[in-house]
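As the structure is a computational prediction, the values presented were derived from the model and not from experiment. The sequence lines fix the lettering, A, B, ..., with proteins before strands; numbering per chain opens at 1.
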There are 2 protein chains.
Amino acid sequence: MGKILSDIEIAQQTEMKNIEEVAEKLHLTRKEIELYGNYKAKIDPALIPQRENQAKVVLVTAITPTPAGEGKTTTVVGLGDAMNQIGKSSIVALREPSLGPVFGVKGGAAGGGYAQVVPMEDINLHFTGDFHAIGAANNLLAALIDNHIYQGNALDIDVKRITWKRCVDMNDRQLRTIIGGLGVRTNGVPREDGYEITVASEIMAVLCLAEDLHDLKEKLGEMIIGYTHQNEPVTAHDLEAEGAMAALLKEAMKPNLVQTLEHNPAIIHGGPFANIAHGCNSVIATKTAMNLADYVITEAGFGADLGAEKFIDIKCRKAGIAPSALVLVATVRALKMHGGLDKKELGQKDLVALEKGLPNLLKHIENAQEVYGLPTVVAINKFPTDDPEELQLIEDKCQELGVNVVLSDVWGKGGQGGVALAEEVVRLCDEHTGGLSFVYEDEASITEKINAVVQKVYGGRQVNLSKIAKREIAKLEKLGFGHLPICMAKTQYSFSDDPKLLGRPTDFDVDVQNVKVSAGAGFIVVYTGTVMTMPGLPKVPAANHIDVTDEGTITGLF
Amino acid sequence: MGKILSDIEIAQQTEMKNIEEVAEKLHLTRKEIELYGNYKAKIDPALIPQRENQAKVVLVTAITPTPAGEGKTTTVVGLGDAMNQIGKSSIVALREPSLGPVFGVKGGAAGGGYAQVVPMEDINLHFTGDFHAIGAANNLLAALIDNHIYQGNALDIDVKRITWKRCVDMNDRQLRTIIGGLGVRTNGVPREDGYEITVASEIMAVLCLAEDLHDLKEKLGEMIIGYTHQNEPVTAHDLEAEGAMAALLKEAMKPNLVQTLEHNPAIIHGGPFANIAHGCNSVIATKTAMNLADYVITEAGFGADLGAEKFIDIKCRKAGIAPSALVLVATVRALKMHGGLDKKELGQKDLVALEKGLPNLLKHIENAQEVYGLPTVVAINKFPTDDPEELQLIEDKCQELGVNVVLSDVWGKGGQGGVALAEEVVRLCDEHTGGLSFVYEDEASITEKINAVVQKVYGGRQVNLSKIAKREIAKLEKLGFGHLPICMAKTQYSFSDDPKLLGRPTDFDVDVQNVKVSAGAGFIVVYTGTVMTMPGLPKVPAANHIDVTDEGTITGLF
């Protein structure tokens, strides 16, 4: 057996097909795509005819994440290849990775092993420039705000209540809190300010929920940038900013086409945060994929309590999309962590820990079936340390809920390792008679919506609102935002708001500290704690080991 | 006569050719270019064979700029088209415009009238992402600096003497001076900081002077980011940052191919500031163009005292390029402003003012001929108000120096309006026997170099160094930077350092306040005053009128 190759080595030793060839698989002609180099393209959705027969959408989500990892993106990519192997016309629809974290500890986000999308270096770095465009639009609006104040502040913006932040696609803790406008009078008006990483910009969420350029511009205009001294919201439209922002985002609105290692088409577009935003790829990309293939395999951020909930209650609700099946990714290792094992102990067989951790998976299955009404399959991402008895235990418990468990080895074998999963997915889609239930209705009050998610999805008792949260909810409902869906900003490491409560916690309340409207994106962010929207770099940043050879080959990305 | 079309209207009503067709004119096959959409491409210089017969380089420069405008870029584009019209294989090699100023007052920078490069919206907005890549590399280095300090500051960096700034491609005065690292301990270490516009980043200058990826990485590593408490320089290499930065810049190093309105090839690449940097397009683009055509028409920022001087003393010296001819662009209107007329009075014939302003042009001619030894032609950019007697006066005065004057109407007529200019350029190139003189030699001291530029190029008496400048010069020479060329940061509005001294001032000294090394780019910036490296937005920003239609057509760009 040779040495185990790293993701980038596997990716770089694969000879990619020209992206035009990949596009041909979707019956896309050269005129319907715009090339970005030889292996990336943008698809203009306006040029794609609408299909009559709706494609089936398959949502890949996961158990509550642990440091053991689950391999959600890897499963999406491998499942897509497997679907193609069994002769099903299929596209994977993924999120774009953020540039900043590549230089920190995280590494890339384009799948792994033999289930990757390529060119992984491009996808992880600038890709087709979408995030740079979002950053430019975000910072143009910021510059227009401060310029407006500097030039006389005709809108009477309260500099103490500007909610719009600047952004950069870099892990830069130094910029979390700054004071700008210092120095001479012509340097602007001093005020406290701060930066978020680009994916946290509301513009990212807006772009991912907009149906087209017209809708994009409208949503951009509705974004609230702060409040006047009379506490009235000030929007981007008030600053006449949405036209120029939309001009900057024109190309970024077009979905990107790349390929898997098996040369199957993959659409990668948009990547909003999964806490302060909804954590799914763009509506425009999902709908474009639905017009190009029979099956669209997509994913949502974090575990199913956050990702699947928001996918359904925000994205599907707004876009009129309904998934046909749900894939729940888990690993034996991660389930044992939920059962109390330490990361160092995961190599050993431990049926007790596994049984103790399994309720996490089972609660996610229950949610899928009973809350959303979706047929579900569990995909166990295979590890060498998995024991047959452990796998049998998972299978038995899931069968009690009427759900099949499939072992997936797409990391090691690519699409071939996911054929059984693909076949089960097809079966579920065929059997699904349609219909999708939301956790709450539009008309419910904001507090009712939060309680519905806490009780139905998280399995908690109720929500406790802080004084500030109560006041803000009242304000938002008075301003007419009560009908919007909610977007929970909660730890991804537990069903509860306490990251230490693993497995399937019960008898817990969820504390809400604050709520904030994202009026452009069209949801209300519910903060159960403080959310870090600007990461930092570690002691030894990955940047120190990233390099490029004289011939242009990038090394050290992982 | 119909209504006069705006630049963007002219650009948008032109049917562009597919960039592959444009590339074919250069005998570039599909394999040697990477498409970015249908009308932009990147050229990989590694794939282009080196030519044996050196192409002729023509530098287009201008008189000292006035608010009346000269039309340098327009002349370059029109001359390129004219060269092609008279059957000469020719490429124009321009700078990329900066994004930020598009939203301010400046508008675009892709030529004008019927002498433009297209697609002008793309070129003026994100283009192929080069500037975003430079911004990302710049801000990665900044994040690595502050992370290094936060993680223990092993290099003993003095936070009061960090010279590296963050950057954004936006006109945002609010960011000129900031304090970062505020808030809780984990938000970094508080220190004063500031932003520059992306084109002012030293990385821009480095990218424009690097010969290839290897050279780029070396230069990036040599950039000084600040000083230790022991006053030793700290470089990007000390922070192990150059590999990741080079990885980010890999694609940005490849020159961009677009077309003129007449479908002739244009290479647009790089765009450093013309005061704190050298203000020319990239060496790699110029050399690529030289391998693809017989004539390369290029330009340099501001008037010839800054642009041509730096083009020759920095870019040509470092890259081993020697121009064959120099085009000096002037307008009758601007010369009358140099003669004392107000902008409102330029419509009237005024031979007295013209004669008074002409010495500005004549001094630039003298410099071209006597200092650099380059054959020169004066291109008068035609305006409707120009009077035949005025034109005759210019011609007579220039003839006394042996230089022909050609009327150019490329703005109104495209290449056809520049045929006479093209023919004169070809004649000058044919007659030029080669050779190029620098203003100073590498071995001269920094003070001698400054004096050489002041006396020979500006026509001043001498330089007066401030105390700080003297101390810094001593420090830089001790650190071993004495052999570098100098880069004058001086007002572009006068030969002198006083923007009010128009025409051809004499008997003036130049005051130097400070000097600073750009160790990566490899030059010493000489500050005759404070240079604004972060512009602001005006009372009514152009952004307010920029828009995009539902179909994706951008409007309001000018």
Side-chain angles (χ1 to χ4, degrees), chain A residues 34-38 42 99 103 125-126 129 132-133 136 139-140 142-144 146-147 150-151 168-183 186-188 212-214 217 240-241 243-244 246-248 250-251 536-537 539 541 543-548 550-552 554 556, chain B residues 34-38 42 46 99 103 125-126 129 132-133 136 139-140 142-144 146-147 150-151 168-183 186-188 212-214 217 240-241 243-244 246-248 250-251 536-537 539 541 543-548 550 552 554 556:
Chain A
E34 288 168 15
L35 305 187
Y36 277 65
N38 296 324
K42 277 199 172 277
L99 178 62
F103 302 109
L125 296 179
H126 309 292
H132 289 314
N139 292 334
L140 171 61
L144 289 169
D146 280 305
N147 186 58
Y150 173 76
Q151 303 283 0
V168 64
D169 200 356
M170 206 49 72
N171 286 16
D172 194 351
R173 67 170 67 75
Q174 186 74 8
L175 296 174
R176 283 177 193 150
T177 307
I178 69 166
I179 296 176
L182 295 170
T186 50
N187 280 6
D212 51 33
L213 269 180
H214 183 88
K217 203 156 62 182
E240 300 175 70
L248 280 169
K250 175 172 90 86
E251 296 303 312
L537 291 171
K539 182 112 190 160
N544 291 3
H545 305 295
I546 294 173
D547 206 347
V548 58
D550 294 351
E551 292 72 36
I554 289 176
Chain B
E34 289 169 13
L35 304 187
Y36 277 67
N38 297 323
K42 277 199 173 278
L99 178 61
F103 302 110
L125 296 180
H126 309 293
H132 289 314
N139 292 334
L140 171 61
L144 289 169
D146 280 305
N147 186 58
Y150 173 76
Q151 304 282 1
V168 63
D169 201 357
M170 207 48 73
N171 288 17
D172 194 349
R173 68 169 69 74
Q174 187 75 8
L175 296 175
R176 283 177 195 151
T177 307
I178 69 166
I179 295 177
L182 294 170
T186 50
N187 279 6
D212 52 33
L213 269 180
H214 182 90
K217 203 156 59 180
E240 300 175 70
L248 280 168
K250 174 172 90 85
E251 296 303 311
L537 291 169
K539 183 112 190 158
N544 291 3
H545 306 295
I546 294 173
D547 207 346
V548 57
D550 293 351
I554 289 177

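To the nearest 0.5 Å, the span separating CG on A/Leu182 from CD1 on B/Ile179 amounts to 5.0 Å. Taken from CG in A/Leu248 to CG in B/Leu125, the straight-line distance is 6.0 Å, to the nearest 0.5 Å.
Annotation: maximal heavy-atom pairing with chain A below 4.5 Å, among B/Ala46, B/Gly556, B/Ala136, occurs at B/Ala136. Among A/Ala247, A/Ala133, A/Gly188, A/Ala246, the residue making the largest number of heavy-atom pairs under 4.5 Å with chain B is A/Ala247. In terms of non-hydrogen atom pairs under 4.5 Å with chain A, the most contact-rich of B/Lys539, B/Glu34, B/Lys42 is B/Lys539. Comparing A/Asp172, A/Asn38, A/Asp169 by heavy-atom pairs within less than 4.5 Å of chain B, the highest count is held by A/Asp172. Put simply, of B/Gly183, B/Gly536, B/Gly552, the one with the most heavy-atom pairs under 4.5 Å next to chain A is B/Gly552. Contact count versus chain B (heavy atoms, under 4.5 Å) is highest, among A/Asn139, A/Leu213, A/Leu99, A/Leu140, for A/Leu140.
Neither the backbone nor the side chain of A/Asp212 comes within contact range of chain B; no heavy atom of the residue lies under 4.5 Å from a heavy atom of that chain. Both the backbone and the side chain of B/Asn544 come within less than 4.5 Å of a heavy atom in chain A. With a 4.5 Å cut-off on non-hydrogen atoms, A/Ala241 does not touch chain B at all. In this structure, chain B has a heavy atom under 4.5 Å from the side chain of A/Ile554, while its backbone stays farther away. In this structure, the portion of B/Lys250 lying under 4.5 Å from any heavy atom of chain A is its side chain and not its backbone. Proximity to chain B involves both the backbone and the side chain of A/Asn147, based on heavy atoms less than 4.5 angstrom apart.
Remark: B/His126 engages B/His132 in a ring pair (Phe, Tyr, Trp, His ring centres under 6.0 Å) (not counting sequence neighbours). For the side chain to side chain donor-acceptor pair (under 3.5 Å) test, no residue two or more places apart in sequence or in another chain qualifies with B/Asn171.
Using a 4.5 Å heavy-atom threshold, the side chains of A/Leu537 and B/Leu144 count as touching. In this structure, A/Asn187 and B/Gln174 have side chains that are not in contact, with every pair of non-hydrogen atoms separated by 4.5 Å or more.
Remark: the backbone N or O of A/Val548 is paired with a side-chain donor or acceptor of B/Lys217 at under 3.5 angstrom. Between the side chain of A/Arg173 and the backbone N or O of B/Tyr150, no donor-acceptor pair lies under 3.5 Å.
Of all heavy-atom pairs spanning A/Ala244 and B/Ala543, the tightest one is CB-O, 3.4 Å.
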